[in-house]
Asks: 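Can you read through this structure? Questions will come right after.
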There are 2 protein chains.
Amino acid sequence: MSRDNAAAAEQKHDVFQAIADPTRRGLLRLLVDGEMPVNAISSHFPMTRPAVSKHLRILADAGLVKERKVGRETRYRMDADPLRELKSWLAFYERFWENKLDALRRYVETDEPNRGQEPSEL
Amino acid sequence: MSRDNAAAAEQKHDVFQAIADPTRRGLLRLLVDGEMPVNAISSHFPMTRPAVSKHLRILADAGLVKERKVGRETRYRMDADPLRELKSWLAFYERFWENKLDALRRYVETDEPNRGQEPSEL
DNA sequence: AAATTACGAAACCATTTGGTTTCCTTTTCT
DNA sequence: AGAAAAGGAAACCAAATGGTTTCGTAATTT
């Protein structure tokens, strides 16, 4: 369904790296409601316009932002779709904080935590 | 005893930065099932033991890993709890990757799109 | 036509990052 | 006691990151 069939090879920045920077998370928050040209965007951040532009490029590399040229301006908007990968990554770990009390109880009862539990794979 | 010591010190590395590196995500995956000493951990990664140690330090700064000294070895295990912050950050954006028909319906029904909770941080 | 606006590109810089090797201390094994 | 094992700490290095200023060019305004 996605229009990019060479998705794996072209991405220089992944979603994990893209959201690591607080400025970029701020950009996503700003662009989630609709598109905005670069000048308007950069007025929200304490840095120069080219700096914001570079962050936008990184977000675009990760697919988190789409751009559209309108006259002499470039408008950006967020695309939340790549966050699905983050969601599924997170989903794996959810049970480890939901069952924390269970884990504690198991620890106390057996007096031997993690018995026979070798991590199976990387 | 203590069920909440999170308010104590502001860490140098946050959870977003900690999971940005693929090696560190591999470490979490390895340590989620139980604790493991550093040598055993580093044997799973194509780098030297001190390099792995530094990654572990970063994870510990973010609270994602706990260490325990046992004899001459230091055993690490994952603590998934800080991932809750990531979860709540993500929760805000989840509605935006639901399919476009849902988004349109929400727009029409509420007459006020995209109003609601804010992400927990930038 | 000329000036202005919008913005990407490039050159440059300081700091951080991810890795290495070397060394030191503590603990365990013979 | 002496040797070996475990792992942290420090010095060092190349590359990536996050920022700047300057410049070029296409679109718009006057």
Side-chain angles (χ1 to χ4, degrees), chain A residues 10-31 34-78 114 118-119 122, chain B residues 10-31 34-78 121-122:
Chain A
E10 73 191 19
Q11 244 186 13
K12 185 177 132 203
H13 293 102
D14 66 9
V15 92
F16 292 92
Q17 193 196 352
I19 66 163
D21 185 274
T23 297
R24 289 196 288 270
R25 294 197 297 277
L27 283 167
L28 294 182
R29 182 63 189 84
L30 184 65
L31 298 175
E35 64 181 16
M36 196 179 289
V38 176
N39 263 334
I41 296 170
S42 69
S43 74
H44 288 78
F45 295 88
M47 64 190 68
T48 61
R49 196 250 311 150
V52 169
S53 237
K54 290 209 285 186
H55 282 301
L56 287 169
R57 163 72 46 184
I58 289 169
L59 289 171
D61 274 359
L64 282 165
V65 129
K66 301 298 180 200
E67 53 183 288
R68 180 171 72 108
K69 292 279 306 251
V70 176
R72 64 182 158 184
E73 59 188 27
T74 310
R75 299 186 187 163
Y76 288 86
R77 70 182 186 284
M78 183 183 180
N114 309 323
E118 287 299 317
L122 217 164
Chain B
E10 206 52 38
Q11 63 248 5
K12 184 176 126 207
H13 293 102
D14 66 11
V15 88
F16 292 93
Q17 194 196 348
I19 66 163
D21 186 273
T23 298
R24 288 196 289 270
R25 292 197 298 276
L27 283 166
L28 294 181
R29 180 64 188 84
L30 184 65
L31 298 174
E35 64 182 17
M36 195 180 291
V38 174
N39 263 333
I41 295 170
S42 68
S43 74
H44 288 78
F45 295 89
M47 65 190 68
T48 60
R49 195 249 313 148
V52 169
S53 236
K54 289 209 284 185
H55 282 301
L56 287 169
R57 166 59 54 119
I58 289 170
L59 289 171
D61 275 357
L64 282 164
V65 129
K66 301 298 180 197
E67 53 182 288
R68 181 171 69 110
K69 292 282 304 256
V70 176
R72 64 181 156 182
E73 59 189 25
T74 310
R75 299 186 186 162
Y76 287 86
R77 69 183 186 284
M78 183 185 182
E121 66 160 307
L122 263 193

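Letters go in sequence order (proteins before strands), and every chain restarts at 1. Both backbone and side-chain heavy atoms feed into the values below; hydrogens, waters and symmetry mates do not.
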Asks: Without decimals, in angstroms, what is the distance between A/Arg24 CZ and D/dG19 C1'?
Replies: 13 Å

Asks: Looking at B/His55, does any N or O in its side chain come under 4.0 Å of the phosphate oxygens OP1/OP2 on C/dG19?
Replies: yes

Asks: For A/Arg75, look at atom CZ and say whether over 12 heavy atoms of other residues, nucleotides or ligands are found less than 6.0 Å away.
Replies: yes

Asks: With respect to the phosphate group of D/dA16, does any side-chain polar atom (N or O) of A/Gln17 fall under 4.0 Å of OP1 or OP2?
Replies: no

Asks: Between B/Ile58 and B/Pro50, just flag the one whose closest nucleotide in DNA chain C comes earlier from the 5' side.
Replies: B/Ile58

Asks: Is any side-chain N or O of A/Thr48 closer than 4.0 Å to OP1 or OP2 of D/dG19?
Replies: no

Asks: What heavy-atom pair brings A/Arg24 and A/Gln17 nearest, and what distance separates the two atoms?
Replies: NH2-O, 3.2 Å

Asks: Given atom CD of B/Glu67 and atom P of C/dT26, what is their separation to the nearest angstrom?
Replies: 17 Å

Asks: Between C/dT17 atom P and B/Leu59 atom CG, what is the distance in whole Å?
Replies: 13 Å

Asks: Is the shortest side-chain N/O distance from B/Arg49 to OP1 or OP2 of C/dT21 below 4.0 Å?
Replies: no

Asks: Mapping B/Lys54 and B/Val38 to their closest nucleotides on DNA chain D, which lands nearer the 5' end?
Replies: B/Val38

Asks: Could you check A/Val65, A/Ile58, A/Val52, A/Leu64 and say which one makes a side chain to side chain contact (heavy atoms under 4.5 Å, CB included) with A/Leu27?
Replies: A/Val52

Asks: How many Å lie between CG on B/Asn39 and P on D/dG8, as a whole number?
Replies: 10 Å

Asks: Round to the nearest Å and state the distance from B/Leu27 atom CG to C/dG18 atom P.
Replies: 12 Å

Asks: Looking at A/Tyr76, does any N or O in its side chain come under 4.0 Å of the phosphate oxygens OP1/OP2 on C/dG8?
Replies: yes

Asks: Which atoms form the tightest heavy-atom contact between B/Gly63 and B/Lys66, and what is the distance?
Replies: O-NZ, 4.0 Å

Asks: Compare every heavy atom of B/Ala40 with every heavy atom of B/Ser43, then report the nearest pair and how far apart it is.
Replies: OG-O, 2.7 Å

Asks: Would you tell me if any nitrogen or oxygen in the side chain of B/Ser53 comes within less than 4.0 Å of OP1 or OP2 on D/dG7?
Replies: no

Asks: Kindly give the heavy-atom pair with the smallest separation between A/Ala20 and B/Phe16, and that separation in Å.
Replies: CB-O, 3.8 Å

Asks: With a 3.5 Å cut-off and just heavy-atom distances, do the side chain of B/Arg75 and the base of D/dG7 make a donor-acceptor pair?
Replies: no

Asks: Considering every strand and a 4.0 Å limit on heavy-atom distances, what is the contact class for A/Thr74: base, sugar-phosphate, or nothing?
Replies: sugar-phosphate

Asks: Grab the CZ-C1' distance between B/Arg68 and D/dG8 for me, whole Å please.
Replies: 19 Å

Asks: If you define the side chain from C-beta out and look only at heavy atoms, does anything of A/Leu56 sit under 4.5 Å from A/Leu31?
Replies: yes

Asks: Output yes when B/Asp14 and A/Arg25 qualify as a salt bridge under the 4.0 Å nitrogen-oxygen rule, no when they do not.
Replies: yes

Asks: A/His13 NE2 to D/dA15 P: how many Å, rounded?
Replies: 17 Å

Asks: Given atom CZ of B/Phe16 and atom C1' of C/dT17, what is their separation to the nearest angstrom?
Replies: 20 Å

Asks: Please encode protein proximity along nucleotides 25-30 of chain D as a string of B, S and -, counting only heavy-atom distances under 4.0 Å.
Replies: --BBS-

